[in-house]
Amino acid sequence: MIDQNETGGKTNFIYTMIKDDLEKDRLKGKPVHTRFPPEPNGYLHIGHAKAILLNYSIARDFDGKFNLRFDDTNPIKEEQEFVDSIIEDIRWLGADWEDRLFFSSDYFEIKYSFARRLIEAGRAYVCDLSQEEIRDYRGTLTEPGTDSPYRNRGVEENLALFERMRKGEFETGSRVLRAKIDMSSGNLNMRDPVLYRILHASHHRTGDKWCIYPMYDFDHPFSDAIEGITHSLCSIEYSDHRPLYDWIVDNAVELMPEVVEFRSRQTEFARLNMNYTVMSKRKLRRLVEEKHVAGWDDPRMPTIAGLRRRGITPQAIADFQERVGVSRAESTVDLALLEHCIRQELETTAPRLMAVLDPVKAVITNWPAGETEMCAMENLPGNEEAGTREIPFGREIYIERDDFMEDPPKKFHRLSPGKEVRLKGAYVIRCDEVIRDEKGVITELRCTYDPQTRSGRDTSGKKIKGVIHWVSVEHASRITVNLYDNLFTVENPEEDSETDFVNHINPESLVVCKNVPAEPAVAGAAPGSRFQFLRKAYFYLDPEASGDGTPVFNRIVQLRDSWARMQK
RNA sequence: UGGGGCGUGGCCAAGCGGUAAGGCACGGGUCUUUGGAAUCCGCAUGCGCAGGUUCGAAUCCUGCCGCCCCAGCCA
């Protein structure tokens, strides 16, 4: 018996349904079996990640199986390039299909046979109507359709015609195979849906072997049935297709029982939407093609490749997916939830480093010139096993420009004239003088340090509220930092149909900081590793943006900043 | 005016007739050499609305209202 503990306490309607199926033995002893069926015609995004991880975790939680099957039934739109990127993305997410990587096109031959049996049973016919005529005969939402004049062709004629379709005797689009169901159904999908169309096009896997290709509604349920898929999950917009799904599976069970592994059933759930981004393939493609972003893997994109390049971990995405849950209600999840998942993981796994993103020089006037002292700092606070590192401290340091205020408000706990602040891991300093250039811009802060306040052996008795990060000027490594922010300035870029969504693009979604001083340890960082730049944000050392050898760090997500919130 | 869905706090989401879980967000306290983290507290007299059934309704019934999807030889 599977109880809540074994399924991680998940209480969504799909888990409930599966538990019930198991209790009632509706699976007849077969393992729970799910699948993710991408069409290789584009890049995967975080919405797909929800579907992938849902399907995969169901299989895992119920000790079942998970297949990856490409729905490659439309050669015009599909490419091997997308097959490769999708495989890479799903593998990176951690969903494991073991040895069950399939393609709908693997089953074209048996599907052809199944179509023949449908014809033999008088349930499918070749229709010579043009595309426009078929549309006209279909009727409208409120009016029933009209039977095609070819609807009652004899079995032999249909069989012969279908075979000639396969042989390539007819032009693209000249004929189709249709199911004979009900032209007056309130459900448009049941008005004699097209099962096969003629497409003289080369397929990325089957080449020119076929010139007729099955439609999704015919192909998908049958593929599920022969793979033994027990629970075929898809998004809400397929709800209307379910009667057709069942029609196909029922016919497969009746007419071709020898290949049916399981009488699969379709269950729909709501797809993921998130604020401050767009999710449709069309819109994502526009962002890339119109160069609003650098590519499909631009760290601002909601694509899996983009999330990966941003530095977000698969663990955080999986955590996010579980917290979002699954239901049938249309929803838009707050980006803040994803950010929370990322921070929560990185808090305990990302070593700390100091870098000053917007530096201003501070000179410790009572520190001897040329003298360097090493300060020990923990790599991961609260985790002694992560150890410490030594950071050089000297007479000249950089501090964050906004960690100084000449005329600060009451609650400003950082540096200001005559006030003291602690340099993390080092000494307490006081600001004595502010130096400006002719334009009034602060160029240097003159400070003095208190020798009794050495971190770890402070004998001054001072209680200093503010702690700021710093980098020694003399020892600083230089890095490039990409400060990424939301791609859009509004929660829902698609809300107003009058305004093109690209008008809502955030002009500050990427701010590049070059020559950023960072502590020397940064030079030893491994590409692909993640850090917290103390008091600022989590960063990812971009392994693909080496360029001139200067390390490039992508901002993954900012730290929570209650000071910034107080300012508002 | 056809068919299929959905409406529980700002955002997700449990709940399936016994008196509104949880997470995020938000507000406040404690602690803190990250204004981070941690920790504690607060946050729906009410579940789209209106009736009804019942000792008792978010859960059952009736009627409304609102939103989403469907007329590809796309998936």
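All chains are named by letter (A, B, ...) in the order of the sequence lines, taking the proteins before the strands, and each is independently numbered beginning at 1.
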Taking only the [atom1] atom of each, what is the distance from [N] to [M] in whole angstrom?
| N | M | atom1 | value |
| --- | --- | --- | --- |
| B/rG17 | B/rC11 | P | 28 Å |
| B/rC41 | B/rC24 | P | 14 Å |
| B/rC47 | B/rA20 | C1' | 8 Å |
| B/rC12 | B/rG48 | P | 15 Å |
| B/rG23 | B/rC43 | C1' | 14 Å |
| B/rG28 | B/rG35 | C1' | 16 Å |

Does B/rC11 have OP1 or OP2 sitting under 4.0 Å from an N or O in the side chain of A/T332?
->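 Negative; the distance criterion is not met.
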
Side-chain N or O of A/R535 less than 4.0 angstrom from OP1 or OP2 on B/rG35?
->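 For B/rG35, OP1/OP2 do have a side-chain N/O of A/R535 under 4.0 Å.
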
Tell me what [X] touches on the nucleic acid: a base, only sugar-phosphate, or nothing, going by heavy atoms under 4.0 Å.
| X | result |
| --- | --- |
| A/D240 | base |
| A/G145 | nothing |
| A/K536 | nothing |

Is the NZ or CZ atom of A/R166 positioned over A/Y112's six-membered ring, under 6.0 angstrom from the centre and within 45° of the axis?
->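 Yes, A/R166 sits over the ring of A/Y112.
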
Would you please name every residue forming a side chain to side chain contact (heavy atoms under 4.5 Å, CB included) with [X], sequence neighbours left out?
| X | result |
| --- | --- |
| A/K24 | A/D20, A/R26 |
| A/Q558 | A/A537, A/R555 |
| A/A201 | A/P75, A/I76 |

How would you list, by chain and number, every residue that makes a ring-ring contact (aromatic ring centres under 6.0 Å, His included) with [X], sequence neighbours excluded?
| X | result |
| --- | --- |
| A/Y216 | A/H220, A/Y238 |
| A/F70 | A/F103 |
| A/F393 | A/W367, A/Y427, A/W470 |

Using atom names, set out every protein N or O paired with an N or O of nucleotides 19-21 of chain B below 3.5 Å, distance rounded to 0.1 Å.
none

Hey, which of these two, A/I464 or A/A329, hits RNA chain B nearer its 5' end, going by closest nucleotide?
->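 Going by which nucleotide is closer to the 5' end, it is A/A329.
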
Pairwise N/O distances under 3.5 Å, protein to nucleotides 25-27 of chain B:
from	atom 1	to	atom 2	distance (Å)
B/rC26	OP2	A/R560	NH2	2.8
B/rG27	OP2	A/R565	NH1	3.2

What form does the base of B/rG42 take, syn (within 90° of 0) or anti?
->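 Base orientation relative to the sugar is anti.
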
Would you state whether a donor and an acceptor, one from the side chain of [X] and one from the base of [N], lie under 3.5 Å apart?
| X | N | result |
| --- | --- | --- |
| A/S455 | B/rU33 | yes |
| A/E347 | B/rG36 | yes |
| A/N187 | B/rG4 | no |

Got a salt bridge between A/D450 and A/R430, using NZ or NE/NH1/NH2 to carboxylate O under 4.0 Å?
->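 No, no charged N to carboxylate O under 4.0 Å.
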
Nearest to the side chain of [X] - [options]?
| X | options | value |
| --- | --- | --- |
| A/R323 | B/rC24, B/rC6, B/rC12 | B/rC24 |
| A/P381 | B/rG35, B/rG36, B/rA75 | B/rG36 |
| A/L559 | B/rA13, B/rA75, B/rG36 | B/rG36 |
| A/E330 | B/rA75, B/rC68, B/rA13 | B/rC68 |
| A/V324 | B/rG5, B/rC74, B/rC12 | B/rC12 |

Closest contact, heavy atoms only, A/P359 versus A/R401 |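 Taking every non-hydrogen atom into account, O-NH2, 3.7 Å.
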
Kindly give the heavy-atom pair with the smallest separation between A/Y213 and A/L199, and that separation in Å.
->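 Closest approach of A/Y213 to A/L199: CE1-O, 3.3 Å.
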
A/D182 versus A/R191: any side-chain heavy-atom pair under 4.5 Å?
->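 In short, these two side chains do not touch, never coming nearer than 4.5 Å.
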
Restricting to nitrogen or oxygen on both sides, can you table the protein-nucleotides 71-73 of chain B pairs closer than 3.5 Å?
from	atom 1	to	atom 2	distance (Å)
B/rA71	O3'	A/R138	NH2	3.4
B/rA71	O2'	A/R138	NE	3.2
B/rG72	OP2	A/R138	NH2	3.2
B/rC73	OP1	A/R138	NH2	3.4
B/rC73	OP2	A/R138	NH1	3.2
B/rC73	N3	A/G173	O	2.9
B/rC73	N4	A/L129	O	3.0
B/rC73	N4	A/Q131	N	3.2
B/rC73	N4	A/G173	O	3.0

Annotated structure of RNA chain B as dot-bracket, pair cut-off 3.5 Å, Watson-Crick or G-U only, | for inter-strand, is .(((((((.[[[..)..(...]]].(((((.......))))).....[[[[[..)....]]]]])))))).....

With sequence neighbours excluded, tell me which residues meet side chain to side chain donor-acceptor pair (under 3.5 Å) with A/D334.
->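 Side chain to side chain donor-acceptor pair (under 3.5 Å) list for A/D334, sorted by chain: empty.
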
Could you pull out all residues at least two apart from A/Q321 that satisfy side chain to side chain donor-acceptor pair (under 3.5 Å)?
->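 Testing A/Q321 for side chain to side chain donor-acceptor pair (under 3.5 Å), a comparison that skips the adjacent residues, returns none.
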
Let me know which of A/T73, A/D72, A/D71, A/D219 forms a side chain to side chain donor-acceptor pair (under 3.5 Å) with A/S105.
->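 With A/S105 as partner, A/T73, A/D72, A/D71, A/D219 yield a single side chain to side chain donor-acceptor pair (under 3.5 Å), made by A/D72.
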
Please give, in whole Å, the distance from [N] [atom2] to [X] [atom1]?
| X | N | atom1 | atom2 | result |
| --- | --- | --- | --- | --- |
| A/E268 | B/rC70 | CD | P | 14 Å |
| A/L244 | B/rA75 | CG | C1' | 13 Å |
| A/I236 | B/rG7 | CD1 | C1' | 13 Å |

Would one find more than 12 heavy atoms of other residues, nucleotides or ligands at under 6.0 Å from atom NZ of A/K283?
->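 Buried by this count: over 12 neighbours within 6.0 Å.
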
